[in-house]
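Accompanying notes for the structure given below.
The structure presented is a predicted model; accordingly, all values stated were derived computationally and were not measured. Just so we're on the same page: letters track the sequence lines, and every chain starts at 1.
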There are 2 protein chains.
Amino acid sequence: MKIDGSRLRSWATQLLETWGYDPDDAAYLAETLVDANLRGVDSHGVIRLAAYRARIDAGLVRPRAEPIVERSGAVVRIDANGAPGQLAARLAVDELDGLVATHGIASAAVRGSTHFGTAGFYARDLARRGRIAIVVSNSEPCVVPFGGREALLGTNPLAFAAPASGDPISLDMATSTSAMGKVLVAQAKSTAIPADWGVDAAGVPTTDPAAVTALLPAAGPKGYGLAFLVEVLGGVLTGAAVAGDIGNMYNDFSKPQDVGHWMLAVDVARFLPLDDFVARMDGLAALAHAVPTAPGFDRVLVPGEPEEATRRARLAGGIELPDATASELAALGTDAGVAFPGGAA
Amino acid sequence: MKIDGSRLRSWATQLLETWGYDPDDAAYLAETLVDANLRGVDSHGVIRLAAYRARIDAGLVRPRAEPIVERSGAVVRIDANGAPGQLAARLAVDELDGLVATHGIASAAVRGSTHFGTAGFYARDLARRGRIAIVVSNSEPCVVPFGGREALLGTNPLAFAAPASGDPISLDMATSTSAMGKVLVAQAKSTAIPADWGVDAAGVPTTDPAAVTALLPAAGPKGYGLAFLVEVLGGVLTGAAVAGDIGNMYNDFSKPQDVGHWMLAVDVARFLPLDDFVARMDGLAALAHAVPTAPGFDRVLVPGEPEEATRRARLAGGIELPDATASELAALGTDAGVAFPGGAA
């Protein structure tokens with residue numbers, strides 16, 4: 001089915017309010033999810049709502065939890081304290097906003113958190129405020145280290161964003177080649193996958209999605225090294241759980257996830273006037289756009305441009321949800337007495 | 001030929017003194033180069049001395065140049081002002097050391113610089129002082145953007161390092177799949193290269209090293225996105241030259257390189273006690289070492305471990321230099337009246 005983005009957001013907001021969230025918090029959480037859907041990152045969109053509900057039911061996420069904040073110099077440490085990742089991350093962004101104005105650069109560490117949607121959401125928010133931002137999060141192990149045959153670290157995303165005259169230029173990447181969601185889609189369709197996506201139980205790269213037991217890091221030792229960097233910043237430094245101690249969002253209801261996030265905000269204006277920076281960014285983007293294309297490509301893009309194009313298309317034409325997702329959302333709506341709006345806007 | 005690392009360093013120090021460097025500066029510069037050789041990164045070692053000499057002769061690098069420093073909050077901006085990259089970077093590290101103690105996190109931007117050796121050298125220096133460090137530098141274009149057939153950005157390295165109980169855990173990676181140096185080695189040996197290293201003039205990936213006109217980014221859009229991040233921080237933000245405006249170290253003597261570097265230092269102790277952090281790092285490394293190996297691997301390593309093993313082996317057994325490099329160094333030595341020491345220690 002196809003659904004209008006703003007209708008989906010309104011519905012998700014209402015739903016989250018019935019789960020106990022403050023209206024403002026519910027709207028923010030819904031915004032992070034629907035923004036992912038609009039940008040084509042459906043794996044991090046409203047499909048997550050059922051798991052979020054299950055973790056509230058298990059008492060592992062508390063909609064009215066109050067995160068605990070400690071500040072020191074240009075650093076802020078936040079214990080999510082049972083709040084969902086998105087609300088802990090919003091608090092981190094707001095704290096950074098003040099600290100970076102004072103110091104020129106600032107960092108936030110969040111522990112005791114959960115899945116927080118896409119890392120890029122927070123990076124772009126900071127970029128719209130004139131900051132360069134880096135945002136990382138650790139996550140449940142599902143990726144082998146280079147040379148290993150069992151998972152050690154998660155897909156450990158790394159996002160950055162920087163101001164430009166239009167949309168921020170932004171990158172939001174898993175440090176693995178692919179995502180487990182894509183392997184499952186190939187499995188459902190019985191199609192082969194590229195040999196660099198995952199390994200079988202013997203640690204051998206496989207093209208059979210049904211044989212995949214763990215993902216491969218992007219570019220071998222480089223992706224593994226970047227995932228390690230994300231684990232050091234997001235897990236070791238924040239005081240959150242590390243590697244196998246992280247609670248799996250979908251199948252471990254014995255404990256909180258205790259995921260950690262780390263954010264950096266850089267005040268561009270401390271380095272050069274923001275207008276100059278934006279002009280230089282636009283100049284770099286223009287250079288990229290002018291590069292002649294390789295066979296099979298229409299245009300060279302800058303990071304974030306494909307997702308911005310998808311967002312514009314979906315804002316205009318709606319978001320396509322798979323039937324299974326729509327059914328799951330409809331069931332959540334029925335349980336809460338907030339009917340899921342069928343059909344397009 | 002094989003040469004002892006400390007003899008090589010002493011000789012390079014003497015050589016650099018005859019070029020006009022202060023003894024202390026000469027020793028530091030030599031240390032950065034020989035450290036690269038010891039770690040197996042010969043492309044960034046003493047092989048660079050001939051090019052460094054050529055740029056001094058062209059008046060583009062001045063051994064006694066004084067970099068210009070401006071501080072604001074937790075940020076320091078440095079104009080290398082004709083000094084070589086290594087000495088500008090050393091100053092940045094020293095400035096960061098003070099700023100990070102005050103603010104908990106600090107950043108340095110260097111513009112007007114040159115090739116500075118390996119980014120990891122400075123990251124590890126900061127890690128040995130109890131900091132987590134990220135160091136990047138932009139560089140001359142030689143890598144196509146994803147979907148392009150001409151080079152836009154450089155190999156744009158990204159390094160990080162973090163304290164552990166032994167050597168710092170560290171990553172120092174090009175954001176391209178490979179380095180042009182490796183393509184040239186394959187060309188000299190007439191051996192095929194992997195298809196993801198580079199493209200030919202039509203933008204098509206090639207296994208013929210002689211046909212390579214530009215390198216490919218690691219993992220396609222991910223490596224391109226990371227190279228863009230490095231260009232934004234190292235070039236756009238610092239005020240250095242960007243992309244094609246960077247002067248090529250080897251074949252453009254019409255202007256300074258005007259490379260830019262960006263560094264971040266994080267004071268671990270602002271987040272958690274350093275001893276706790278080190279124990280958590282060691283725990284993560286132990287988890288990595290315990291992962292069962294994939295076929296063809298003896299042990300899962302942590303980032304930086306292969307280079308540390310090479311360093312130990314070369315400290316004990318000496319550094320193997322190709323004949324062509326040894327001849328070039330011998331000629332530089334003859335010119336300066338500082339005989340290149342032949343044979344092992």
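Listed for the A/Tyr224 side chain is a donor-acceptor partner under 3.5 Å among the backbone atoms of B/Leu301. At distances below 3.5 Å, at least one donor-acceptor pair connects side-chain atoms of B/Lys222 with backbone N or O atoms of A/Ala174. Between the side chain of A/Arg280 and the backbone N or O of B/Gly235 there is at least one donor-acceptor pair closer than 3.5 Å.
Here the shortest heavy-atom pairing between B/Pro295 and A/Ala202 reads CD-O, 3.2 Å. Between A/Ala106 and B/Ile105, the shortest heavy-atom distance links the atoms CA-CG2, 4.2 Å. The shortest non-hydrogen separation linking B/Leu171 to A/Gly225 is CD2-C, 3.6 Å.
Only the side chain of A/Ile132 has a heavy atom closer than 4.5 Å to any heavy atom of chain B. Both the backbone and the side chain of A/Val236 come within contact range of chain B, judged by heavy atoms closer than 4.5 Å. Heavy atoms closer than 4.5 Å to chain B are found in the backbone of A/Thr177, but not in its side chain. At a 4.5 Å heavy-atom cutoff, the contact between A/Leu264 and chain B is made by side-chain atoms alone. Heavy atoms of A/Val266 lying under 4.5 Å from chain B belong exclusively to its side chain. Heavy-atom distances place both the backbone and the side chain of A/Ala288 under 4.5 Å from chain B. Both the backbone and the side chain of A/Arg270 come within contact range of chain B, with heavy atoms under 4.5 Å apart. A/Phe271 touches chain B through backbone and side chain together, each having a heavy atom under 4.5 Å away. Using a 4.5 Å cut-off between heavy atoms, B/Ala161 makes no contact with chain A at all. Using a 4.5 Å cut-off between heavy atoms, B/Leu226 contacts chain A through both its backbone and its side chain.
To the nearest 0.5 Å, atoms CG (B/Leu237) and CG (A/Asp276) are separated by 12.0 Å. The OG1 atom of B/Thr293 sits 10.0 Å away from the CD atom of A/Glu150 when rounded to the nearest 0.5 Å. The distance from atom CG of A/Leu229 to atom OG of B/Ser170, rounded to the nearest 0.5 Å, is 11.5 Å. Separating the CZ atom in A/Phe228 from the CZ atom in B/Phe160 is a distance of 7.0 Å, to the nearest 0.5 Å. How far CD of B/Glu231 is from CD1 of A/Ile169: 11.5 Å, rounded to the nearest 0.5 Å.
Contacts with chain B were tallied for A/Val232, A/Val76, A/Thr238, A/Leu287; A/Val232 has the most, counting heavy-atom pairs under 4.5 Å. In terms of non-hydrogen atom pairs under 4.5 Å with chain B, the most contact-rich of A/Leu158, A/Ile134, A/Leu153, A/Val302 is A/Val302. Between chain B and the residues A/Pro292, A/Gly104, A/Gly283, A/Ser107, the most heavy-atom pairs under 4.5 angstrom are made by A/Pro292. Among B/Ala243, B/Pro145, B/Ala109, the residue making the largest number of heavy-atom pairs under 4.5 Å with chain A is B/Pro145. Between chain B and the residues A/Gly304, A/Ala294, A/Gly73, A/Gly203, the most heavy-atom pairs under 4.5 angstrom are made by A/Ala294. Residue with the most contacts toward chain A among B/Pro221, B/Gly223, B/Ala240: B/Ala240 (heavy-atom pairs, distance under 4.5 Å).
Within the 4.5 Å cutoff, no side-chain heavy atoms of A/Arg149 are placed close to those of B/Val291.
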